[in-house]
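Notes follow once the structure below has been shown.
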Amino acid sequence: MKMPVRTAIFPVAGMGTRFLPATKATPKELLPVIDTPLIQYAIDEAQAAGIERMVFVSHPSKTAIERHVMDDAKLRAELKARGKPQLAEELQETALCPRRDDVVFTMQDEPLGLGHAVLCARDHVLPGPVAVILPDDLILGTGCLGEMVDAYAGSPMGHLVATMTVPREETSKYGILSVKTATDRVLAASGMVEKPQPEAAPSCEAVVGRYVLDASVFDDLESQAPGAGGEIQLTDAIATGAARVGLGGFRFSGMRFDCGSKAGMLRATLHLAAQDAELASVISDFIGEERKGLAA
Ligand code: UTP
C-alpha cells in the first residue's frame, strides 16, 4: 500500500527572464490570467487534490508572492471600513491562513535550477511522496493534480509525471519520456531526456509541470551534478530514480497553457475570456475592427 501524497511543493524562485521587464518587480507567478494570478490557480488545484501542506520555495526578492498567498487581515478590515465587505470576504476565501492552513515559505537564495529549488523544500515536507506544481504551466479543466494523485495510488510507479503528446518538431522544448508501454492514461517509461532534438527524441510524450515523486528523489537531487545550463535539473534526478522506483507518464484531461511564454499567456487569456459573455464580445468586436482595418 502506497503512502498518500500529503505535500505539494511550489517552486517560485526563478527569474522569469522571458517576461522582462514585466517581471523586474512583479514575480512571474503573480502575473494574472484575466484577474487571477498564476499562483492562485496552482493553489486552488492543490487544495482540490486534497494536499495537506503547501511548501513555497521562493526568492528573497519575491516577497510579493507571500503577500498574495497569505491572508491580509489589515486589508480586509480596510475594505470593510470602506463599505466593501463582499470583496473582503472573497479575498479571505482564496487566501491561506496560518491558523487553518499548513503553509511553509522557504528560500532558494540563488536560482540554481528547478531541481535545486525542489531540494530546498526537503526539510519541510511531510513523510511520503511529494507533488510538485509549476505555476507557470496553467492546466484548466479537471484538476490535473487530483487526477494524478488518484492514478498514483493505484499505480506501481514511484514517480509519475504529467505528459501530453506534442508535434515531433517541438520535442526540443520539453523533457521527453522514453515510453515502454502505454495503457489508456498511464505510460510506463524507462527514463526521460531533457529537450532532445526531434531526430533524437525517444517519443513525442512531453513532460509538463505536474509531478508526483517518490521521496527518494531528494537523495537523487542531492547527489545530482549540474546538468543543462549549469543548473540542477529535476528531470535528471527523476531519470536517475526511474530504474529504482519506476517512472510513469500520466495523460491528464485538462487543457495546458505554457504561461511562462508570452504566446501561452495570451492563449490562456483568450481561452478564459471566450468563456465570459462580456469579455467574449470584446474579442469578437476587436476581431471585427481588425478585419475592417485590414480591408481598408
Ligand atoms: P522556469 O524555467 O519556467 O522559470 O521554471 P524561470 O527560470 O523563472 O523563467 P525564465 O525561463 O527565466 O523566463 C519553472 C518554475 O520553476 C521555478 C520558477 O519560478 C517557475 O515557477 N524555478 C526555476 C525556481 O524556483 N528556481 C529555479 O532555480 C528555477
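Read the numbers this way: they start at 1 and go in the same order the structure lists the ligands and their atoms.
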When distances are taken from atom 8 (O) of ligand 1, the protein heavy atom at minimum range is Gly16 N, 2.8 Å

Below 3.5 angstrom, do we get any N/O pair linking Met15 and ligand 1? yes

Suppose I only count heavy atoms of Leu112 and a 4.0 Å limit; which atoms of ligand 1 are within that range? 28 (O)

Is the distance between the ring centroids of Phe257 and His271 under 6.0 Å? yes

Just wondering, do Leu160 and Leu213 contact through their side chains at under 4.5 Å, heavy atoms? no

Suppose we measure from atom 3 (O) of ligand 1 to each protein heavy atom; which comes out shortest, and what is that distance? Asp136 OD2, 2.9 Å

At a 4.0 Å threshold, what atoms of ligand 1 neighbour a non-hydrogen atom of Glu29? 18 (C), 19 (O), 20 (C), 21 (O)

Between Glu231 and His116, do the side chains contain an N or O donor and an N or O acceptor separated by less than 3.5 Å? no

Applying a 4.0 Å heavy-atom criterion (strictly less than), which segment of Val12 is in contact with ligand 1: side chain, backbone, both, or neither? backbone

Can you list the ligand 1 atoms lying under 4.0 Å from a non-hydrogen atom of Gly14? 8 (O), 17 (C), 18 (C), 19 (O), 22 (N), 23 (C), 24 (C), 25 (O), 26 (N)

Identify whether Val212 and Ile43 are in the same connected component of the hydrophobic contact network (ILVMFWY, side-chain heavy atoms under 4.5 Å). yes

Run the numbers for me: atoms of ligand 1, each under 4.0 Å from some heavy atom of Pro135, listed by number. 21 (O)

Is there a polar contact between ligand 1 and Pro11, counting only N or O atoms under 3.5 Å apart? yes

Under a 4.0 Å N-O cut-off, is there an ion pair linking Arg244 with Asp214? no

Could you tell me whether Asp102 and Arg6 have a side-chain N and a carboxylate O separated by less than 4.0 Å? no

Note the single closest protein heavy atom to atom 2 (O) of ligand 1, along with its residue, its atom name and the distance in Å. Arg18 NH2, 4.3 Å

Between Phe56 and Met54, the two heavy atoms sitting closest are CE1-CB, 3.8 Å

Under 4.0 Å from any heavy atom of Gly113, which atoms of ligand 1 are there? 26 (N), 27 (C), 28 (O), 29 (C)

Result of checking Arg82, Lys74, Arg76 against Glu78 for side-chain hydrogen bond (donor to acceptor under 3.5 Å, both in side chains): Arg82

Looking at every heavy atom in both Ala182 and Leu187, which two are closest together, and how far apart are they? CB-CD2, 3.4 Å

To check your reading of the model: name the closest protein heavy atom to atom 12 (O) of ligand 1, its residue, and the distance in Å. Thr17 OG1, 2.5 Å

Answer with side chain, backbone, both or neither: which part of Ala117 has a heavy atom less than 4.0 angstrom from an atom of ligand 1? side chain

Part of Lys28 within contact of ligand 1 (heavy atoms, under 4.0 Å): side chain

Between Ser203 and Ser178, is any pair of side-chain heavy atoms under 4.5 Å apart? no

Under 4.0 Å between heavy atoms, the region of Gln108 that gets near ligand 1 turns out to be side chain

When only distance counts, is Glu110 in polar contact with ligand 1, meaning an N/O pair under 3.5 Å? no

Close N or O approach (Val57, ligand 1; < 3.5 Å): no

Any nitrogen or oxygen of Ala13, side chain or backbone, less than 3.5 Å from one on ligand 1? yes

In terms of atom number and element, which parts of ligand 1 are under 4.0 angstrom from non-hydrogen atoms of Pro111? 28 (O)

Glu199, CD: over 12 other non-hydrogen atoms inside 6.0 angstrom: yes

Check Arg67 with Asp72, please: is the shortest side-chain N to carboxylate O separation under 4.0 Å? no

